[in-house]
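Step one of this worksheet: look at the structure below.
Please read all numbers here as calculations on a predicted model, not as lab measurements. Keep in mind that the numbers below use all heavy atoms, side chains included, and drop hydrogens, waters and symmetry copies.
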There are 2 protein chains.
Amino acid sequence: MATDTKQRILDAAERLFADHGFPATSMRDITNEADVNLAAVNYHFGSKEALLIAVIERTAAPINRDRLERLDALERDAGGGPVDVEALIRAFLAPMFDRWSLWGKSEPKILKLVGRIHAEVDQELRAKFIRQFDTVFARYAVAFQRSLPELQAGDVHWRMLFLVGSMAHTMTWGASIIATDRGARREPGEILEALVRFAADGMSAPAPQGVAVPAGGMR
Amino acid sequence: MATDTKQRILDAAERLFADHGFPATSMRDITNEADVNLAAVNYHFGSKEALLIAVIERTAAPINRDRLERLDALERDAGGGPVDVEALIRAFLAPMFDRWSLWGKSEPKILKLVGRIHAEVDQELRAKFIRQFDTVFARYAVAFQRSLPELQAGDVHWRMLFLVGSMAHTMTWGASIIATDRGARREPGEILEALVRFAADGMSAPAPQGVAVPAGGMR
DNA sequence: GTCTATATGCGGATAGAC
DNA sequence: GTCTATCCGCATATAGAC
(Lines give C-alpha, C1' and ligand atoms only; values in the text may rest on other atoms or scores of the structure.)
Protein backbone atom coordinates (compact mmCIF):
# COMPACT_ATOMS: atom_id res chain seq x y z
CA MET A 1 0.00 0.00 0.00
CA ALA A 2 2.14 2.81 -1.27
CA THR A 3 -0.31 5.66 -1.11
CA ASP A 4 -1.25 4.63 2.39
CA THR A 5 2.36 4.93 3.49
CA LYS A 6 2.64 8.37 1.94
CA GLN A 7 -0.54 9.49 3.65
CA ARG A 8 0.54 8.16 7.00
CA ILE A 9 3.84 9.97 6.73
CA LEU A 10 2.10 13.19 5.83
CA ASP A 11 -0.35 12.83 8.71
CA ALA A 12 2.36 12.07 11.24
CA ALA A 13 4.60 14.86 10.00
CA GLU A 14 1.72 17.30 10.19
CA ARG A 15 1.02 16.37 13.81
CA LEU A 16 4.64 16.46 14.91
CA PHE A 17 5.66 19.59 13.03
CA ALA A 18 2.65 21.29 14.54
CA ASP A 19 3.41 20.19 18.08
CA HIS A 20 7.18 20.53 18.18
CA GLY A 21 8.10 22.59 15.17
CA PHE A 22 10.13 21.60 12.14
CA PRO A 23 13.72 21.63 13.39
CA ALA A 24 12.86 19.85 16.63
CA THR A 25 11.15 16.97 14.83
CA SER A 26 13.37 14.15 13.57
CA MET A 27 12.62 11.76 10.76
CA ARG A 28 12.77 8.98 13.30
CA ASP A 29 10.03 10.68 15.26
CA ILE A 30 7.96 10.83 12.11
CA THR A 31 8.51 7.29 10.92
CA ASN A 32 7.89 5.89 14.39
CA GLU A 33 4.67 7.85 14.71
CA ALA A 34 3.55 6.82 11.24
CA ASP A 35 4.69 3.25 11.87
CA VAL A 36 6.59 3.08 8.63
CA ASN A 37 10.20 2.44 7.84
CA LEU A 38 12.76 5.15 8.30
CA ALA A 39 13.83 5.02 4.68
CA ALA A 40 10.30 5.54 3.43
CA VAL A 41 10.44 9.30 3.86
CA ASN A 42 13.40 9.73 1.61
CA TYR A 43 11.98 7.25 -0.88
CA HIS A 44 8.65 9.03 -1.15
CA PHE A 45 9.62 12.64 -0.64
CA GLY A 46 13.36 12.93 -1.12
CA SER A 47 14.27 14.86 2.00
CA LYS A 48 12.93 16.16 5.27
CA GLU A 49 12.59 19.64 3.84
CA ALA A 50 10.69 18.35 0.82
CA LEU A 51 8.39 16.56 3.23
CA LEU A 52 7.64 19.82 5.00
CA ILE A 53 6.82 21.48 1.73
CA ALA A 54 4.51 18.60 0.83
CA VAL A 55 2.73 18.93 4.17
CA ILE A 56 2.32 22.65 3.68
CA GLU A 57 1.09 22.24 0.14
CA ARG A 58 -1.55 19.79 1.25
CA THR A 59 -2.89 22.15 3.90
CA ALA A 60 -2.12 25.73 2.98
CA ALA A 61 -2.77 25.61 -0.74
CA PRO A 62 -6.51 24.87 -0.46
CA ILE A 63 -6.87 27.51 2.23
CA ASN A 64 -5.28 30.16 0.07
CA ARG A 65 -7.27 29.09 -2.97
CA ASP A 66 -10.40 29.39 -0.88
CA ARG A 67 -9.40 32.87 0.26
CA LEU A 68 -8.95 34.06 -3.28
CA GLU A 69 -12.25 32.58 -4.43
CA ARG A 70 -14.12 34.29 -1.63
CA LEU A 71 -12.43 37.55 -2.46
CA ASP A 72 -13.35 37.14 -6.11
CA ALA A 73 -16.97 36.61 -5.14
CA LEU A 74 -17.03 39.66 -2.87
CA GLU A 75 -15.50 41.88 -5.48
CA ARG A 76 -17.86 40.58 -8.13
CA ASP A 77 -20.84 41.36 -5.91
CA ALA A 78 -19.48 44.80 -5.12
CA GLY A 79 -19.19 45.55 -8.82
CA GLY A 80 -15.96 47.48 -8.57
CA GLY A 81 -16.96 49.41 -5.47
CA PRO A 82 -15.47 48.97 -2.01
CA VAL A 83 -16.20 45.73 -0.18
CA ASP A 84 -17.46 45.73 3.39
CA VAL A 85 -14.48 45.51 5.72
CA GLU A 86 -16.02 42.92 7.97
CA ALA A 87 -16.87 40.72 5.00
CA LEU A 88 -13.31 41.08 3.78
CA ILE A 89 -11.91 39.95 7.10
CA ARG A 90 -14.30 37.05 7.32
CA ALA A 91 -13.36 35.94 3.82
CA PHE A 92 -9.72 35.95 4.82
CA LEU A 93 -10.17 34.11 8.12
CA ALA A 94 -13.02 31.71 7.50
CA PRO A 95 -11.10 29.26 5.29
CA MET A 96 -8.85 28.42 8.23
CA PHE A 97 -11.60 28.20 10.83
CA ASP A 98 -13.74 26.08 8.51
CA ARG A 99 -11.06 23.43 8.52
CA TRP A 100 -10.84 23.64 12.26
CA SER A 101 -14.54 22.90 12.49
CA LEU A 102 -14.19 19.98 10.11
CA TRP A 103 -11.85 18.28 12.52
CA GLY A 104 -14.56 18.19 15.13
CA LYS A 105 -13.35 17.42 18.60
CA SER A 106 -9.77 16.56 17.71
CA GLU A 107 -7.14 19.23 17.82
CA PRO A 108 -6.67 21.14 14.59
CA LYS A 109 -3.05 20.22 14.02
CA ILE A 110 -3.23 21.50 10.50
CA LEU A 111 -3.94 24.98 11.68
CA LYS A 112 -1.48 24.94 14.49
CA LEU A 113 1.07 24.12 11.83
CA VAL A 114 -0.11 26.86 9.53
CA GLY A 115 0.05 29.19 12.50
CA ARG A 116 3.61 28.10 13.08
CA ILE A 117 4.53 28.70 9.48
CA HIS A 118 3.68 32.33 9.89
CA ALA A 119 5.70 32.59 13.05
CA GLU A 120 8.50 30.11 13.15
CA VAL A 121 10.04 28.94 9.97
CA ASP A 122 13.36 30.27 8.85
CA GLN A 123 13.24 33.10 6.38
CA GLU A 124 14.76 31.27 3.44
CA LEU A 125 12.66 28.17 3.81
CA ARG A 126 9.61 30.26 4.50
CA ALA A 127 10.04 32.10 1.25
CA LYS A 128 9.60 28.90 -0.72
CA PHE A 129 5.98 28.35 0.09
CA ILE A 130 4.95 31.77 1.27
CA ARG A 131 4.78 32.84 -2.34
CA GLN A 132 1.18 31.83 -2.55
CA PHE A 133 0.43 33.59 0.70
CA ASP A 134 2.09 36.73 -0.57
CA THR A 135 -0.26 36.70 -3.52
CA VAL A 136 -3.23 36.42 -1.20
CA PHE A 137 -1.87 39.16 1.02
CA ALA A 138 -1.33 41.50 -1.88
CA ARG A 139 -4.82 40.96 -3.30
CA TYR A 140 -6.43 41.58 0.07
CA ALA A 141 -4.27 44.63 0.62
CA VAL A 142 -5.66 46.18 -2.52
CA ALA A 143 -9.20 45.38 -1.43
CA PHE A 144 -8.68 46.80 2.05
CA GLN A 145 -7.16 49.92 0.61
CA ARG A 146 -10.23 50.45 -1.53
CA SER A 147 -12.54 49.93 1.44
CA LEU A 148 -10.49 52.18 3.72
CA PRO A 149 -9.50 55.04 1.42
CA GLU A 150 -8.64 57.39 4.29
CA LEU A 151 -5.72 55.13 5.25
CA GLN A 152 -2.30 55.28 3.66
CA ALA A 153 -1.13 52.08 1.99
CA GLY A 154 1.51 51.62 4.68
CA ASP A 155 -1.09 51.84 7.42
CA VAL A 156 -3.15 49.19 5.69
CA HIS A 157 -0.11 46.93 5.58
CA TRP A 158 0.59 47.32 9.25
CA ARG A 159 -2.98 46.66 10.22
CA MET A 160 -3.00 43.56 8.06
CA LEU A 161 0.13 42.45 9.87
CA PHE A 162 -1.73 42.83 13.14
CA LEU A 163 -4.60 40.82 11.74
CA VAL A 164 -2.37 38.01 10.53
CA GLY A 165 -0.65 37.97 13.91
CA SER A 166 -3.91 37.56 15.76
CA MET A 167 -4.89 34.75 13.45
CA ALA A 168 -1.58 32.92 13.62
CA HIS A 169 -1.41 33.18 17.39
CA THR A 170 -4.97 31.98 17.75
CA MET A 171 -4.27 29.00 15.54
CA THR A 172 -1.09 28.14 17.39
CA TRP A 173 -2.33 28.52 20.93
CA GLY A 174 -6.10 28.63 20.73
CA ALA A 175 -6.56 24.90 21.14
CA SER A 176 -4.46 24.71 24.28
CA ILE A 177 -6.36 27.62 25.77
CA ILE A 178 -9.62 25.84 25.12
CA ALA A 179 -8.16 22.76 26.74
CA THR A 180 -7.00 24.49 29.91
CA ASP A 181 -9.15 27.55 30.47
CA ARG A 182 -12.58 26.53 31.67
CA GLY A 183 -14.52 29.70 31.02
CA ALA A 184 -12.90 30.34 27.65
CA ARG A 185 -14.30 27.30 25.89
CA ARG A 186 -15.70 28.37 22.53
CA GLU A 187 -16.67 26.71 19.29
CA PRO A 188 -14.41 27.47 16.31
CA GLY A 189 -17.26 29.41 14.77
CA GLU A 190 -17.54 31.56 17.84
CA ILE A 191 -13.83 32.23 17.91
CA LEU A 192 -13.95 33.19 14.25
CA GLU A 193 -16.72 35.67 14.95
CA ALA A 194 -14.88 37.05 17.97
CA LEU A 195 -11.77 37.59 15.88
CA VAL A 196 -13.74 39.08 12.99
CA ARG A 197 -15.35 41.53 15.39
CA PHE A 198 -12.04 42.43 16.98
CA ALA A 199 -10.23 42.88 13.69
CA ALA A 200 -13.05 44.67 11.91
CA ASP A 201 -13.13 47.39 14.54
CA GLY A 202 -9.33 47.51 14.63
CA MET A 203 -9.05 47.78 10.86
CA SER A 204 -11.68 50.49 10.69
CA ALA A 205 -10.14 52.61 13.44
CA PRO A 206 -9.55 56.27 12.56
CA ALA A 207 -6.46 57.01 10.52
CA PRO A 208 -3.42 58.21 12.47
CA GLN A 209 -3.00 61.96 12.36
CA GLY A 210 0.10 62.89 10.40
CA VAL A 211 2.73 65.32 11.62
CA ALA A 212 0.69 68.27 10.40
CA VAL A 213 -2.16 68.38 12.87
CA PRO A 214 -4.75 71.06 12.11
CA ALA A 215 -3.86 72.70 15.42
CA GLY A 216 -5.99 72.37 18.48
CA GLY A 217 -5.54 68.86 19.76
CA MET A 218 -1.93 68.84 20.82
CA ARG A 219 -0.19 70.75 23.60
CA MET B 1 37.74 39.02 31.04
CA ALA B 2 35.16 36.66 32.36
CA THR B 3 32.15 38.92 32.41
CA ASP B 4 32.97 40.03 28.92
CA THR B 5 32.82 36.44 27.73
CA LYS B 6 29.47 35.90 29.37
CA GLN B 7 28.09 39.06 27.81
CA ARG B 8 29.37 38.17 24.38
CA ILE B 9 27.77 34.74 24.62
CA LEU B 10 24.47 36.27 25.69
CA ASP B 11 24.57 38.81 22.88
CA ALA B 12 25.40 36.24 20.23
CA ALA B 13 22.78 33.80 21.50
CA GLU B 14 20.18 36.53 21.49
CA ARG B 15 20.94 37.38 17.88
CA LEU B 16 21.00 33.81 16.66
CA PHE B 17 18.01 32.55 18.62
CA ALA B 18 16.07 35.51 17.29
CA ASP B 19 17.06 34.92 13.68
CA HIS B 20 16.97 31.14 13.46
CA GLY B 21 15.12 29.96 16.53
CA PHE B 22 16.33 27.92 19.44
CA PRO B 23 16.45 24.37 18.06
CA ALA B 24 18.06 25.44 14.81
CA THR B 25 20.90 27.27 16.54
CA SER B 26 23.88 25.15 17.61
CA MET B 27 26.29 25.95 20.39
CA ARG B 28 29.00 26.03 17.77
CA ASP B 29 27.10 28.74 15.93
CA ILE B 30 26.92 30.72 19.13
CA THR B 31 30.54 30.35 20.17
CA ASN B 32 31.74 31.15 16.68
CA GLU B 33 29.61 34.26 16.53
CA ALA B 34 30.69 35.34 19.99
CA ASP B 35 34.28 34.47 19.20
CA VAL B 36 34.71 32.47 22.39
CA ASN B 37 35.59 28.89 23.03
CA LEU B 38 33.00 26.18 22.60
CA ALA B 39 33.36 25.01 26.19
CA ALA B 40 32.68 28.47 27.55
CA VAL B 41 28.93 28.11 27.23
CA ASN B 42 28.77 25.07 29.43
CA TYR B 43 31.25 26.57 31.83
CA HIS B 44 29.28 29.77 32.29
CA PHE B 45 25.71 28.61 31.88
CA GLY B 46 25.67 24.84 32.28
CA SER B 47 23.70 23.91 29.19
CA LYS B 48 22.19 25.26 26.02
CA GLU B 49 18.76 25.33 27.57
CA ALA B 50 20.05 27.22 30.60
CA LEU B 51 21.60 29.72 28.21
CA LEU B 52 18.24 30.30 26.57
CA ILE B 53 16.66 30.92 29.94
CA ALA B 54 19.43 33.37 30.81
CA VAL B 55 18.86 35.24 27.55
CA ILE B 56 15.14 35.40 28.19
CA GLU B 57 15.62 36.53 31.76
CA ARG B 58 17.85 39.35 30.66
CA THR B 59 15.31 40.63 28.14
CA ALA B 60 11.83 39.61 29.21
CA ALA B 61 12.07 40.13 32.93
CA PRO B 62 12.55 43.92 32.78
CA ILE B 63 9.78 44.22 30.22
CA ASN B 64 7.33 42.38 32.41
CA ARG B 65 8.39 44.31 35.49
CA ASP B 66 7.79 47.49 33.54
CA ARG B 67 4.37 46.31 32.50
CA LEU B 68 3.34 45.66 36.06
CA GLU B 69 4.65 49.01 37.27
CA ARG B 70 2.70 50.86 34.62
CA LEU B 71 -0.40 48.92 35.50
CA ASP B 72 0.09 49.73 39.18
CA ALA B 73 0.36 53.41 38.31
CA LEU B 74 -2.78 53.35 36.17
CA GLU B 75 -4.81 51.57 38.81
CA ARG B 76 -3.55 53.91 41.49
CA ASP B 77 -4.62 56.91 39.43
CA ALA B 78 -8.00 55.35 38.72
CA GLY B 79 -8.58 54.90 42.44
CA GLY B 80 -10.29 51.52 42.16
CA GLY B 81 -12.39 52.50 39.17
CA PRO B 82 -12.01 51.20 35.62
CA VAL B 83 -8.90 52.19 33.68
CA ASP B 84 -9.13 53.57 30.17
CA VAL B 85 -8.79 50.69 27.72
CA GLU B 86 -6.41 52.49 25.43
CA ALA B 87 -4.15 53.38 28.35
CA LEU B 88 -4.21 49.76 29.45
CA ILE B 89 -3.14 48.55 26.04
CA ARG B 90 -0.42 51.16 25.80
CA ALA B 91 0.90 50.17 29.23
CA PHE B 92 1.09 46.58 28.08
CA LEU B 93 2.75 47.28 24.74
CA ALA B 94 4.98 50.26 25.37
CA PRO B 95 7.65 48.42 27.41
CA MET B 96 8.49 46.35 24.36
CA PHE B 97 8.44 49.19 21.87
CA ASP B 98 10.51 51.37 24.18
CA ARG B 99 13.32 48.88 23.98
CA TRP B 100 12.96 48.78 20.25
CA SER B 101 13.47 52.53 20.14
CA LEU B 102 16.50 52.29 22.39
CA TRP B 103 18.21 50.15 19.80
CA GLY B 104 18.02 52.97 17.33
CA LYS B 105 18.76 51.96 13.78
CA SER B 106 19.91 48.42 14.51
CA GLU B 107 17.47 45.58 14.36
CA PRO B 108 15.68 44.82 17.61
CA LYS B 109 16.81 41.23 17.97
CA ILE B 110 15.66 41.20 21.55
CA LEU B 111 12.11 41.77 20.54
CA LYS B 112 12.16 39.39 17.66
CA LEU B 113 13.25 36.81 20.19
CA VAL B 114 10.53 37.71 22.64
CA GLY B 115 8.11 37.50 19.77
CA ARG B 116 9.40 34.05 18.99
CA ILE B 117 9.05 32.92 22.56
CA HIS B 118 5.34 33.52 22.34
CA ALA B 119 5.11 31.67 19.07
CA GLU B 120 7.75 29.05 18.80
CA VAL B 121 9.09 27.50 21.93
CA ASP B 122 7.99 24.05 22.95
CA GLN B 123 5.27 23.90 25.55
CA GLU B 124 7.36 22.37 28.34
CA LEU B 125 10.28 24.71 27.91
CA ARG B 126 7.97 27.61 27.44
CA ALA B 127 6.31 26.96 30.77
CA LYS B 128 9.56 27.54 32.60
CA PHE B 129 9.85 31.22 31.92
CA ILE B 130 6.34 32.05 30.91
CA ARG B 131 5.41 32.04 34.57
CA GLN B 132 6.19 35.73 34.88
CA PHE B 133 4.26 36.46 31.71
CA ASP B 134 1.29 34.54 33.05
CA THR B 135 1.29 36.81 36.08
CA VAL B 136 1.29 39.86 33.86
CA PHE B 137 -1.44 38.40 31.68
CA ALA B 138 -3.65 37.60 34.65
CA ARG B 139 -3.29 41.07 36.18
CA TYR B 140 -4.13 42.74 32.90
CA ALA B 141 -7.05 40.40 32.36
CA VAL B 142 -8.57 41.59 35.63
CA ALA B 143 -8.04 45.20 34.64
CA PHE B 144 -9.55 44.70 31.20
CA GLN B 145 -12.51 42.93 32.69
CA ARG B 146 -13.14 45.88 34.97
CA SER B 147 -12.91 48.32 32.08
CA LEU B 148 -15.10 46.21 29.82
CA PRO B 149 -17.79 44.93 32.18
CA GLU B 150 -20.19 44.04 29.38
CA LEU B 151 -17.80 41.31 28.21
CA GLN B 152 -17.64 37.83 29.67
CA ALA B 153 -14.31 36.81 31.17
CA GLY B 154 -13.80 34.30 28.38
CA ASP B 155 -14.30 36.98 25.75
CA VAL B 156 -11.71 39.16 27.45
CA HIS B 157 -9.26 36.27 27.36
CA TRP B 158 -9.75 35.68 23.67
CA ARG B 159 -9.38 39.33 22.81
CA MET B 160 -6.21 39.46 24.85
CA LEU B 161 -4.95 36.49 22.89
CA PHE B 162 -5.61 38.45 19.71
CA LEU B 163 -3.72 41.40 21.16
CA VAL B 164 -0.72 39.31 22.16
CA GLY B 165 -0.73 37.71 18.73
CA SER B 166 -0.60 41.07 16.99
CA MET B 167 2.23 42.16 19.22
CA ALA B 168 4.26 38.98 18.84
CA HIS B 169 3.85 38.94 15.09
CA THR B 170 4.80 42.59 14.81
CA MET B 171 7.94 41.99 16.86
CA THR B 172 8.89 38.94 14.85
CA TRP B 173 8.27 40.30 11.39
CA GLY B 174 7.96 44.04 11.74
CA ALA B 175 11.62 44.75 11.21
CA SER B 176 11.80 42.77 7.97
CA ILE B 177 8.71 44.57 6.70
CA ILE B 178 10.34 47.90 7.41
CA ALA B 179 13.42 46.67 5.61
CA THR B 180 11.63 45.53 2.45
CA ASP B 181 8.43 47.50 2.10
CA ARG B 182 9.17 51.04 1.03
CA GLY B 183 5.91 52.74 1.89
CA ALA B 184 5.53 50.95 5.22
CA ARG B 185 8.53 52.49 6.91
CA ARG B 186 7.55 53.72 10.35
CA GLU B 187 9.26 54.67 13.56
CA PRO B 188 8.78 52.25 16.46
CA GLY B 189 6.71 54.90 18.22
CA GLU B 190 4.41 55.16 15.21
CA ILE B 191 4.00 51.40 15.03
CA LEU B 192 3.18 51.33 18.72
CA GLU B 193 0.50 53.95 18.22
CA ALA B 194 -0.88 52.12 15.20
CA LEU B 195 -1.12 48.92 17.17
CA VAL B 196 -2.64 50.67 20.20
CA ARG B 197 -5.28 52.20 17.97
CA PHE B 198 -6.02 48.90 16.26
CA ALA B 199 -6.20 46.93 19.52
CA ALA B 200 -8.11 49.56 21.47
CA ASP B 201 -10.94 49.54 18.94
CA GLY B 202 -10.82 45.76 18.72
CA MET B 203 -10.91 45.31 22.48
CA SER B 204 -13.78 47.77 22.85
CA ALA B 205 -15.90 46.21 20.12
CA PRO B 206 -19.47 45.34 21.11
CA ALA B 207 -19.91 42.14 23.06
CA PRO B 208 -21.00 39.12 21.03
CA GLN B 209 -24.71 38.54 21.30
CA GLY B 210 -25.38 35.39 23.28
CA VAL B 211 -27.96 32.85 22.17
CA ALA B 212 -30.70 34.78 23.89
CA VAL B 213 -30.92 38.01 21.93
CA PRO B 214 -33.50 40.52 23.21
CA ALA B 215 -35.34 40.08 19.91
CA GLY B 216 -35.17 42.67 17.16
CA GLY B 217 -31.67 42.48 15.75
CA MET B 218 -31.54 39.01 14.27
CA ARG B 219 -33.39 37.56 11.32
C1' DG C 1 7.98 -0.62 -2.31
C1' DT C 2 9.92 -1.91 1.89
C1' DC C 3 13.36 -3.33 4.70
C1' DT C 4 18.28 -3.60 7.31
C1' DA C 5 22.53 -1.86 7.77
C1' DT C 6 25.52 1.68 7.53
C1' DA C 7 27.92 5.95 5.93
C1' DT C 8 28.91 10.40 7.46
C1' DG C 9 28.50 14.38 9.93
C1' DC C 10 26.79 17.47 13.54
C1' DG C 11 24.74 17.86 17.98
C1' DG C 12 25.58 18.81 23.24
C1' DA C 13 28.54 17.92 26.79
C1' DT C 14 32.89 16.97 29.37
C1' DA C 15 37.86 15.63 30.79
C1' DG C 16 41.87 17.39 31.66
C1' DA C 17 46.01 20.33 30.24
C1' DC C 18 47.39 24.99 30.72
C1' DG D 1 38.79 30.96 32.99
C1' DT D 2 40.08 29.22 28.75
C1' DC D 3 41.61 26.00 25.72
C1' DT D 4 42.02 21.24 22.89
C1' DA D 5 40.62 16.89 22.20
C1' DT D 6 37.25 13.69 22.48
C1' DC D 7 33.11 11.00 23.97
C1' DC D 8 28.92 9.54 22.43
C1' DG D 9 24.53 9.77 20.61
C1' DC D 10 21.40 11.26 17.15
C1' DA D 11 20.71 13.52 12.83
C1' DT D 12 19.80 12.91 7.62
C1' DA D 13 20.57 10.26 3.95
C1' DT D 14 21.69 6.19 1.10
C1' DA D 15 23.29 1.36 -0.54
C1' DG D 16 21.77 -2.76 -1.48
C1' DA D 17 19.20 -7.18 -0.13
C1' DC D 18 14.60 -8.88 -0.49
Side-chain angles (χ1 to χ4, degrees), chain A residues 1-58 113 116-117 120-126 128-129, chain B residues 1-58 113 116-117 120-126 128-129:
Chain A
M1 295 184 183
T3 65
D4 187 53
T5 297
K6 271 187 90 161
Q7 290 302 322
R8 287 226 304 285
I9 291 172
L10 285 168
D11 290 341
E14 185 175 290
R15 269 197 301 277
L16 294 170
F17 289 160
D19 280 341
H20 309 297
F22 176 70
T25 302
S26 73
M27 311 209 64
R28 285 171 174 80
D29 293 337
I30 296 166
T31 51
N32 284 346
E33 175 94 359
D35 202 36
V36 300
N37 191 270
L38 170 63
V41 171
N42 279 292
Y43 178 80
H44 285 288
F45 297 94
S47 72
K48 187 191 175 190
E49 196 169 299
L51 171 59
L52 173 63
I53 293 177
V55 171
I56 300 295
E57 280 299 317
R58 192 178 65 157
L113 174 59
R116 266 188 194 278
I117 299 301
E120 173 180 296
V121 176
D122 213 66
Q123 206 108 1
E124 310 99 59
L125 184 55
R126 190 175 183 256
K128 286 187 183 172
F129 44 69
Chain B
M1 295 186 181
T3 65
D4 187 51
T5 296
K6 272 186 90 160
Q7 291 302 323
R8 286 227 304 285
I9 291 171
L10 284 169
D11 290 342
E14 185 174 292
R15 269 196 301 278
L16 294 171
F17 289 160
D19 280 341
H20 308 297
F22 176 70
T25 302
S26 73
M27 311 210 65
R28 284 169 174 83
D29 292 337
I30 296 167
T31 51
N32 283 347
E33 175 94 1
D35 203 36
V36 301
N37 190 269
L38 170 62
V41 171
N42 280 292
Y43 178 80
H44 285 288
F45 298 94
S47 71
K48 186 190 175 189
E49 196 169 302
L51 171 60
L52 172 62
I53 293 176
V55 171
I56 300 294
E57 280 299 316
R58 191 179 67 158
L113 175 58
R116 266 187 194 277
I117 299 300
E120 173 181 292
V121 176
D122 214 65
Q123 204 109 7
E124 311 99 58
L125 183 57
R126 189 174 181 255
K128 285 187 182 169
F129 43 69

> Base, sugar-phosphate, or nothing for Thr31(A), non-hydrogen atoms under 4.0 angstrom?
Replying inline: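 Touches nothing.
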Round to a whole Å and report the spacing from [atom1] of [X] to [atom2] of [N].
{"X": "Ile30(A)", "N": "dA11(D)", "atom1": "CD1", "atom2": "C1'", "answer": "12 Å"}
{"X": "Met27(A)", "N": "dA13(D)", "atom1": "CE", "atom2": "C1'", "answer": "8 Å"}
{"X": "Phe45(B)", "N": "dG1(D)", "atom1": "CZ", "atom2": "P", "answer": "12 Å"}
{"X": "Lys48(A)", "N": "dC10(C)", "atom1": "NZ", "atom2": "C1'", "answer": "13 Å"}
{"X": "Asn42(B)", "N": "dG1(D)", "atom1": "CG", "atom2": "P", "answer": "16 Å"}
{"X": "Ile9(B)", "N": "dT2(D)", "atom1": "CD1", "atom2": "P", "answer": "8 Å"}
{"X": "Asp29(A)", "N": "dC10(D)", "atom1": "CG", "atom2": "C1'", "answer": "10 Å"}
{"X": "Tyr43(A)", "N": "dA17(D)", "atom1": "OH", "atom2": "C1'", "answer": "15 Å"}

Taking only N/O atoms, report every protein-nucleotides 3-8 of chain C pair under 3.5 Å with atom names and distance.
| from | atom 1 | to | atom 2 | distance (Å) |
| --- | --- | --- | --- | --- |
| dC3(C) | OP2 | Asn37(A) | N | 3.4 |
| dT4(C) | OP2 | Asn37(A) | ND2 | 3.1 |

Where the side chain of Arg8(B) meets the backbone of Val36(B), is there a donor-acceptor pair that is under 3.5 Å apart?
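Pair absent, no side-chain N/O of Arg8(B) close to backbone of Val36(B).
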| message | Whether the side chain of Lys48(A) engages the backbone of Val41(A) through a donor-acceptor N/O pair (distance < 3.5 Å, no angle test) should be reported. | response | no
Check whether Phe45(A) forms a cation-pi arrangement with Lys6(A) (NZ or CZ under 6.0 Å from the six-membered ring centre, at most 45° off the ring normal).
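Cation-pi check for Lys6(A) and Phe45(A): passes.
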- Message: Which heavy atom of Ala12(A) sits nearest to which heavy atom of Ala34(A), and what is that distance?
- Response: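 Minimum heavy-atom separation between Ala12(A) and Ala34(A): CB-CB, 3.7 Å.
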For salt bridge (charged side-chain N to carboxylate O under 4.0 Å, His left out), just list the numbers for Asp29(B) and Arg15(B), CA-CA rounded to whole Å, side-chain angles, deciding distance to a tenth of an Å, and then say yes or no.
-> CA-CA 11 Å; Asp29(B) 292 337; Arg15(B) 269 196 301 278; over 6 Å; no
task: Look at the side-chain N and O atoms of Thr5(A) and state whether any lies under 4.0 Å from the OP1 or OP2 oxygen of dT2(C).
output: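 For dT2(C), OP1/OP2 do have a side-chain N/O of Thr5(A) under 4.0 Å.
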Phosphate OP1/OP2 of dC10(C) contacted by Ser26(B) side-chain N/O (<4.0 Å)
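Indeed not, no polar side-chain atom of Ser26(B) lies that close.
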When Ile30(B), Thr5(B), Val55(B) are each screened for side chain to side chain contact (heavy atoms under 4.5 Å, CB included) with Leu10(B), the one that passes is Val55(B)
Can you find a pair of side-chain heavy atoms, one from Asp19(A) and one from Thr25(A), that are under 4.5 Å apart?
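They are not in contact (no side-chain heavy atoms under 4.5 Å apart), so the answer is no.
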